[in-house]
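Worksheet: one structure, shown below.
Computation of the quantities below employed the complete heavy-atom set of this structure, encompassing side-chain atoms and omitting hydrogens, waters and symmetry-equivalent molecules. Everything quoted here is computed from the prediction, not taken from an experiment. Lettering follows sequence order; numbering is per chain, from 1.
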Amino acid sequence: MLSTSVSVTSRLLSLKIYRGLGSIPAPLYYDSIIEPLGFPSNDNLHRSSNGVRVFDLLEGNGATALRCLYNMLLKECTVSKRVDQGKTVHAHVAKSLFRCEVVMNNTLLNMYAKCGSLEEARKVFDEMPQRDFVTWTTLISGYSQHGQPIDALVLFIQMLRDGFIPNEFTLSSVVKAAAAAEPRGCCGQQLHGFCLKCGYDLNVHVGSSLLDMYTRYGLMDDAQLVFDALESRNDVSWNVLIAGHARRCGTEKALEIFQRMLREGFRPSHFSYSSIFGACSSTGFLEQGKWVHAYMIKSGEKLVAFAGNTLIDMYAKSGSIHDARKIFDRLAKRDIVSWNSLLTAYAQHGFGREAVCLFEEMRKAEITPNEISFLSVLTACSHSGLLDEGWHYFELMKRDGIVPKAWHYVTIVDLLGRSGDLDRALRFIREMPIEPTAAIWKALLNACRMHKNVELGAYAAEHVFELDPDDPGPHVILYNIYASGGRWNDAARVRKKMKESGVKKEPACSWVEIENAIHMFVANDERHPQREEISRKWEEIYAKIKDLGYVPDTSHVVVHVDQQEREVNLQYHSEKTALAFALLNTPPGSTIHIKKNIRVCGDCHSAIKLVSKVVEREIIVRDTNRFHHFRDGTCSCGDYW
DNA sequence: TAGGGCTCCT
């Protein structure tokens with residue numbers, strides 16, 4: 001028996017499994033193999049990078065050493081997700097005296113499950129002569145962690161039928177599966193009842209899973225109840241609650257829980273920071289986000305990619321593209337998401353040249369761009385009108401073996417549309433190997449609006465209405481195309497159709513953040529306490545920009561009323577009111593940040609360009625698509641958005 | 001030998 005084991009060990013070594021696994025540190029050999037066998041500590045052993053010397057020492061107890069070796073190799077394969085090498089170890093285990101051992105098979109099953117090789121894991125499970133509750137739990141968590149929640153739930157029911165008793169490990173995985181399996185079903189609540197009956201509902205692991213499940217269902221009060229009842233809390237339970245509120249745009253609540261977490265003496269991790277920064281960026285709470293960033297620096301937390309990437313996104317989405325770059329430069333170690341975050345930021349701000357430079361820098365650093373990197377650089381090219389560069393990267397992407405997805409095609413249609421070559425854009429749509437999506441037709445529709453092509457615009461709009469009938473945006477764009485061409489009958493028809501189909505234009509609103517407070521404005525707002533001052537300020541600005549040649553473009557008023565009334569209507573658009581308010585309440589010379597829930601209107605765009613010149617200030621407007629940097633009478637979008 | 005939180009995307 002002994003000689004067989006040793007010979008398997010030698011064969012493993014001769015198969016270069018050890019070497020193929022890379023650097024298993026020598027102390028690990030000592031801790032896992034040598035010490036349990038009672039060998040004395042040996043400095044040479046610690047320093048040795050050559051496993052052979054270690055195994056020379058093991059000949060005295062082959063079976064135990066071999067079990068340790070298999071466990072250690074499988075652990076290494078699991079951690080480094082090297083399933084191919086795991087299969088080689090599996091082949092040896094299958095021929096060994098351990099092949100029927102439950103624990104050894106559980107380890108193998110775990111290796112496959114963790115690597116996401118669920119078919120292999122299932123095969124091990126099915127072929128096991130004996131199973132225990134760990135066997136069931138391991139496969140359930142494998143399914144749960146790798147996007148097969150229904151399989152996890154089915155297996156859980158089978159487990160119960162076979163008479164196995166689940167424990168806190170099983171339940172935390174199965175609750176996670178329930179949260180992913182259905183948007184808001186009763187299955188999760190039934191499971192909660194089951195956990196309660198088993199006495200696991202207050203356990204920190206099961207409780208955190210339940211808490212997460214309720215936040216995903218949107219049942220925040222239930223989540224809070226679970227959290228309050230937990231018998232103990234750790235950083236994960238706090239982070240789950242913070243992340244839950246952050247995901248649901250409950251930024252203020254997320255910040256409040258974060259502060260409570262600090263008060264109760266828990267140290268935030270990069271998960272906490274990442275959730276907070278993500279929440280601040282999606283809702284535009286820049287000042288609060290900066291405060292948390294400052295706290296992070298003060299507490300000595302290192303800027304790792306995980307939180308740093310969200311911070312890049314936060315600064316970029318708040319309009320501070322230069323701060324986003326600073327964070328990127330300070331990251332000790334960057335991953336692909338770091339590069340993509342900054343690329344995306346440049347794309348959203350219309351910094352096409354910078355995006356192209358960064359993309360090249362990335363390739364020089366031997367980082368392989370993925371489909372998001374290409375999407376970002378293509379979007380940046382289209383937002384800056386870099387037609388040739390855009391084509392170049394589209395071809396490069398295909399050469400690199402990345403199959404373009406619908407959103408890549410959108411950017412190319414946008415790029416061609418922007419250049420004014422609408423026929424080529426249409427030809428491109430007809431020749432693409434995928435079925436055009438609503439977004440692709442929307443890109444063409446938008447180009448038709450820009451270049452005032454009524455016929456093609458109507459054609460593109462028909463496709464959009466068919467594929468995405470509920471989006472009010474395209475109806476408004478088609479209305480504007482007809483209106484700006486003076487075709488009021490057609491425009492009225494679009495309006496009638498909107499009414500009949502129940503599609504409602506989203507009410508426009510703009511907001512500014514001044515000294516930690518968000519001020520929101522809607523068109524013709526009569527209720528604002530400073531409305532008279534705002535109105536006077538705008539009239540003053542209006543007179544100045546008129547002197548510079550501003551002519552109100554009344555085609556942007558989506559109501560067919562007389563010319564004078566249309567001009568008046570235009571002057572009370574929410575972005576103009578927000579701008580007047582910001583001018584009244586911020587120091588001269590400072591940058592003004594405005595956010596809008598829909599696309600900036602064309603007339604406001606022309607007006608804000610001139611305002612930036614008149615007041616000599618930079619004005620940054622974020623709408624649903626992108627950022628506009630207005631400075632000295634021009635906009636970074638080059639009037640195409 | 002098994003568990004919970006995970007950033008970038010038209």
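- Using modelled atom types, one finds a donor on one side chain and an acceptor on the other under 3.5 Å when comparing Asn239(A) with Ser272(A).
- Nucleic acid contact for Asn446(A): none, since no nucleic acid atom lies under 4.0 Å from a heavy atom of the residue.
- A search for side chain to side chain donor-acceptor pair (under 3.5 Å) contacts involving Arg363(A) returns nothing, not counting sequence neighbours.
- Residue contacts for Ser341(A): at a heavy-atom cut-off of 4.0 Å it reaches the sugar-phosphate backbone alone, with no base atom in range.
- Residue pairs satisfying the salt bridge (charged side-chain N to carboxylate O under 4.0 Å, His left out) criterion with at least one member in residues 162-180 of chain A, sequence neighbours excluded, are absent.
- For Arg122(A), the salt bridge (Lys or Arg N to Asp or Glu O under 4.0 Å) partners at least two apart in sequence or on another chain are Asp126(A).
- Here Phe359(A) pairs with Phe374(A), Tyr393(A) under the ring-ring contact (aromatic ring centres under 6.0 Å, His included) rule; sequence neighbours left out.
- Scanning DNA chain B 5' to 3' for nucleotides with an atom closer than 4.0 angstrom to a non-hydrogen atom of chain A gives a first and last hit of dT1(B) to dT10(B).
- Identified under the salt bridge (charged side-chain N to carboxylate O under 4.0 Å, His left out) test for residues 131-144 of chain A, with sequence neighbours left out: none.
- Contact annotation for Ser269(A): base contact, defined as any heavy-atom pair under 4.0 Å involving a base atom.
- Thr137(A) comes within 4.0 angstrom of a base, heavy atoms only.
- Proximity of residues 231-249 of chain A to DNA chain B (heavy atom under 4.0 angstrom from any strand atom) is restricted to Asn234(A), Asp235(A), Val236(A), Asn239(A), Val240(A), Arg247(A).
- Phe277(A) comes within 4.0 angstrom of no nucleic acid atom, judged by non-hydrogen atoms across all strands.
- A ring pair (Phe, Tyr, Trp, His ring centres under 6.0 Å) with Phe164(A) is found for exactly one of Phe156(A), Phe133(A), Trp136(A), namely Trp136(A).
- Looking at heavy-atom distances under 4.0 Å, Asp414(A) makes no contact with the nucleic acid at all.
- Nucleic acid contact class of Val175(A) (heavy atoms, under 4.0 Å, all strands): none.
- Applying the salt bridge (Lys or Arg N to Asp or Glu O under 4.0 Å) test to Asp323(A) and every residue at least two apart in sequence or in another chain returns Lys326(A).
- Counting any heavy atom pair closer than 4.0 Å across all strands shown, Glu371(A) reaches no nucleic acid atom.
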Sequence neighbours excluded and cut-off under 3.5 Å, please list the side-chain donor-acceptor pairs for residues 343-352 of chain A, or say none.
residue, atom, partner, partner atom, Å
Thr344(A), OG1, Asn340(A), O, 2.6
Thr344(A), OG1, Ser376(A), OG, 3.0
His349(A), ND1, His629(A), NE2, 2.6
His349(A), NE2, Ala316(A), O, 2.8

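- Within 4.0 Å (heavy atoms only), Ala305(A) reaches at least one base atom of the nucleic acid.
- In this structure, Asn110(A) reaches the sugar-phosphate backbone alone: every heavy-atom distance under 4.0 Å involves primed, P, OP1 or OP2 atoms, never a base.
- Among residues two or more places apart in sequence or in another chain, the salt bridge (Lys or Arg N to Asp or Glu O under 4.0 Å) test is passed with Lys114(A) by none.
- Nucleic acid contact for Glu101(A): none, since no nucleic acid atom lies under 4.0 Å from a heavy atom of the residue.
- Legend: residues meeting side chain to side chain donor-acceptor pair (under 3.5 Å) with Ser141(A), ordered by chain and number and at least two apart, are absent.
- Less than 4.0 Å separates DNA chain B from no heavy atom of any residue of residues 355-363 of chain A.
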